[in-house]
Amino acid sequence: MSAMSGEDEATAETWRDPRLPMADRVAALLRLMTLEEKAGQLSAFWATPADPEAPVAPVDDDGSEPAPSLDQIIKAGLGQLTRVFGTAPVSPLEGVERLVELQTQVSRANRFGIPAIVHEECLTGFMTWSASVFPCPLAWGASFDPELVGEMAAAIGASMRSVGVHQGLAPVLDVVRDYRWGRVEESIGEDPYLVGVIGSAYVRGLERTGVVATLKHFAGYASSRGGRNMAPTAIGPRELADVVLEPFVMALREGGARAVMHSYTDIDGVPAAADERLLTGLLRDRLGFTGLVVADYYGISHLASLHAVAGSHGEAGALALRAGIDVELPTVRCYGEPLLEEVRRGAVPEELLDRSAARVLSLKGELGLLDEDWDQRLADTVAPVTDATRLDPPEHRDLARRLAEESIVLLANDGTLPLRATRVALVGPLADDPLGMMGCYAFPNHMGGQHPDMPVGVEFPALAAALRSELPGAVLDAAPASDVAVSRDADITSAVDAARRAQVCVLALGDRAGLFGRGTSGEGCDAETLALPGRQAELAEAVLATGTPTVVVLLSGRPYALGDLANRAAAVVQAFFPGEEGAGALAGILSGRVEPSGRLPVSVPRHPGGQPGTYLHPRLGGRNAWSSVDPTPLYPFGHGLTWTRFEYSDASVTPSASTDGSVQISAVVRNVGEHAGTEVVQLYLTDPVASVVRPVRWLAGWARVRLEPGRAARAEFTVHADRTSFTGRDLERIVEPGLIEVGIGPSSEELPLRGCFTLDGPTRVLGSDRVLTVPVRVTPC
């Protein structure tokens with residue numbers, strides 16, 4: 001470590017002493033720091049910037065001047081290093097060597113010898129070349145399996161930790177409100193409870209490996225007008241509280257996330273990056289968050305360049321710091337000299353600089369980066385990394401396979417599936433495209449376009465290869481389209497010819513993920529309507545017109561309107577970017593080797609228009625006589641079929657409880673078919689009369705129940721009155737007395753068991769300790 005000139009020895013020993021409380025260590029360190037050194041802790045450096053001729057995002061640096069060099073930035077210290085592994089294709093060994101070199105430079109350049117926090121993207125796996133690519137978050141939601149998602153997150157965290165990474169920029173907790181939004185694939189679903197439970201499981205899995213989870217995007221990002229990326233958000237405080245914020249509340253309390261990232265959007269004219277009421281008043285003062293708030297990339301400079309609420313980088317930095325953003329990512333633009341100038345001239349209190357620097361240093365302390373032996377522990381951590389190090393080991397592929405299999409949703413089936421034909425046609429734009437298995441935050445799609453000569457880095461079979469392996473006794477006639485838009489007439493002609501020659505046709509439609517218009521799904525790849533991309537509907541019409549029984553397989557990042565196509569298909573299968581093992585999982589479903597058990601985390605619309613189409617709407621948000629537009633979905637939230645059939649019976653509901661009590665709700669589910677299968681028993685509540693407009697129903701809990709033929713089990717839910725709560729007229733969270741209706745069944749629209757209970761007592765105002773979850777117990781009958 002570098003020597004510190006002129007420091008008080010006792011104070012120095014205080015901040016270095018790992019036996020002392022972290023708050024005391026940080027306070028002692030701050031007393032020694034200059035303004036420049038405090039600001040340094042709020043800065044970041046993009047360690048291996050992208051080729052300037054091929055930026056990741058439009059105008060990445062958000063300014064005409066070049067980004068500051070590493071030598072310029074690190075003299076006073078550095079808060080974070082950005083994507084050492086995730087910007088260019090590097091092997092694990094190359095990445096580690098670069099990381100150690102950078103950390104050594106950072107620590108030697110500042111007089112305290114403090115290294116930087118290293119962050120990476122990790123939404124569908126550690127986003128680096130050669131690392132495992134897991135299913136996208138929408139697939140997590142389709143699995144309805146938080147335990148398995150937690151296992152996946154722990155595997156991701158273990159890989160990151162093994163190469164010296166401290167922080168992961170995931171999960172995305174935006175609740176889907178408009179399917180046209182390009183980042184639907186990054187979201188978990190359209191129900192806040194589903195998003196909260198699954199997202200919290202991811203957070204717990206990542207955090208238990210020591211990697212910091214970062215909740216994003218706080219808040220309202222997915223509610224933008226027209227489903228357009230970064231467009232303004234126009235929602236009221238009640239929708240914000242009851243829908244948008246709920247997953248964040250759960251992931252902070254139930255998951256223990258240590259970082260939050262702000263949203264790019266503005267809500268009612270106030271950008272999240274400049275919203276003190278949101279990032280400090282709500283997040284910290286009301287929700288009790290004590291961790292780190294980091295900027296979404298260039299989000300602070302966007303206050304000047306895009307939102308026009310600041311006239312300079314300095315003003316943008318001042319707004320963001322006052323609002324509560326602690327670290328500017330991905331590299332310093334506003335939090336360096338521009339912010340320091342605002343502090344020096346008295347426009348920004350130094351106390352705000354201290355506040356954020358303390359938060360950064362506290363997290364560094366938790367990560368061991370304030371300890372004198374941090375460099376030795378880094379060396380010990382990364383020492384096992386060699387040229388042969390695998391970031392895609394067999395155990396990760398097994399997890400990826402299990403999650404992919406659980407996430408695939410069988411939407412319709414006339415008996416054609418499982419496939420029994422001996423001559424099968426496989427056609428469509430996703431028939432033989434391995435990159436169609438992954439979302440935009442998988443390295444090959446996110447950065448691979450800038451390195452076209454590099455191999456993908458992981459084994460990634462396409463559906464054609466997987467189906468050939470799955471059906472060795474069948475003749476597979478593959479006629480893939482040339483691109484996702486089906487831009488050539490020849491693509492349609494060859495597909496029709498192949499379908500006519502076959503006993504069964506598999507038609508693979510959907511998306512190719514990309515960034516900022518370079519795909520049909522992904523960040524900045526918003527859709528004008530929910531019609532299938534390009535000429536895919538025309539292709540489907542032509543194939544269905546052959547009369548050959550056709551299985552429509554959708555590999556996509558959002559639900560698409562299928563209209564009459566679904567009614568004419570022999571079967572419909574939905575897979576939301578299922579990852580590196582997705583092709584094998586899909587092939588297994590088609591062959592019958594794998595049992596379909598996924599359920600829709602978003603509704604599938606019937607028509608390309610008719611937004612919004614999410615199930616979480618009030619009475620006038622659905623079909624009614626007052627509007628000619630019918631948003632009723634083709635397949636509702638929670639829907640999914642299996643190889644068997646289930647019956648529900650013997651519902652039991654505690655008749656009443658106090659507004660501070662609980663009720664027991666249970667039902668028996670029985671497998672009445674000939675095959676083993678998994679049912680997702682879903683519990684919904686309805687508040688028929690309330691002081692504000694409420695949704696027709698909302699998901700209160702669920703249970704995955706696997707049953708052999710003829711066997712039954714009882715699913716019992718413990719529902720606290722707090723799960724009926726909502727934001728009242730005075731914007732306080734309340735539980736009102738009165739009748740609550742109960743529905744139990746296999747989807748939000750198919751609820752064969754009904755009941756009700758009454759909440760007695762006064763209206764109760766809830767605090768920060770309100771009950772967030774509904775425990776469920778499954779017992780064999």
Side-chain angles (χ1 to χ4, degrees), residues 175-178 189-197 219-220 222-223 234-247 249-250 602-603 611-627 631-633 636-638 653 656-663 665 682-702 717 719-745 747-751 754-766 770-774:
V175 179
V176 175
R177 304 298 280 166
D178 190 324
E190 66 184 50
D191 181 90
Y193 187 66
L194 176 68
V195 176
V197 171
S223 303
I235 58 174
R238 189 167 291 103
E239 183 179 350
L240 179 70
D242 292 355
V243 177
V244 172
L245 295 179
E246 277 295 271
V249 174
M250 292 184 68
V602 287
S603 306
Q611 286 290 304
T614 65
Y615 97 98
L616 200 67
H617 60 74
R619 292 180 185 178
L620 287 176
R623 180 176 55 193
N624 63 74
W626 305 98
S627 172
T632 302
F637 174 86
V653 182
S656 65
S658 72
T659 52
D660 193 19
S662 298
V663 298
I665 302 172
Q682 299 165 45
L683 169 67
Y684 293 87
L685 301 179
T686 297
D687 191 345
V689 180
S691 57
V692 301
V693 175
R694 301 282 286 127
V696 172
R697 65 182 60 91
W698 66 92
L699 180 68
W702 74 85
F717 303 88
V719 181
H720 194 275
D722 289 4
R723 285 293 293 131
T724 72
S725 67
F726 57 90
T727 300
R729 293 191 180 192
D730 60 359
L731 301 184
E732 293 282 357
R733 189 93 184 189
I734 60 172
V735 173
E736 284 187 339
L739 185 72
I740 299 293
E741 296 173 349
V742 173
I744 304 172
S747 81
S748 59
E749 290 296 326
E750 187 180 354
L751 301 170
R754 303 279 181 154
C756 62
F757 61 89
T758 301
L759 293 176
D760 301 317
T763 296
R764 187 166 62 90
V765 177
L766 304 186
R770 66 183 169 94
V771 177
L772 298 174
T773 58
V774 174

Under 3.5 Å side-chain donor-acceptor pair for Thr727 and Glu732: no
Side chain proximity check, Thr763 to Val735, heavy atoms < 4.5 angstrom: no
Residues Arg764 and Thr659: side-chain donor-acceptor under 3.5 angstrom: no
Separation between CG of Leu772 and CD of Glu246, rounded to the nearest 0.5 Å: 6.5 Å
Side-chain H-bond candidate by donor/acceptor type, Ser658 with Asp760, under 3.5 Å: no
From CD (Glu239) to OG (Ser223), nearest 0.5 Å: 5.5 Å
Contact summary for Val653 and Cys756, nearest pair of heavy atoms: CG1-O, 3.5 Å
Check: Gln682 side chain, Gly701 main-chain N or O, donor-acceptor pair, under 3.5 Å: no
Donor-acceptor pair, side chain of Thr686 and main chain of Val696, under 3.5 angstrom: yes
Heavy-atom donor-acceptor pair, Arg694 side chain to Pro618 backbone, under 3.5 Å: no
Residue pair Pro247 / Val175, side-chain heavy-atom distance below 4.5 Å: yes
Aromatic ring pairing Phe637/Tyr684, orientation class (parallel under 30°, perpendicular over 60°, tilted between): perpendicular
Close side-chain approach of Leu616 to Pro192, heavy-atom, < 4.5 Å: yes
Donor-acceptor under 3.5 Å (Glu741 side chain, Leu685 main chain): no
Side chain Arg697, main chain Ser748, donor-acceptor under 3.5 Å: yes
Quiz item: cation-pi between Arg723 and Tyr193, 6.0 Å / 45°: yes
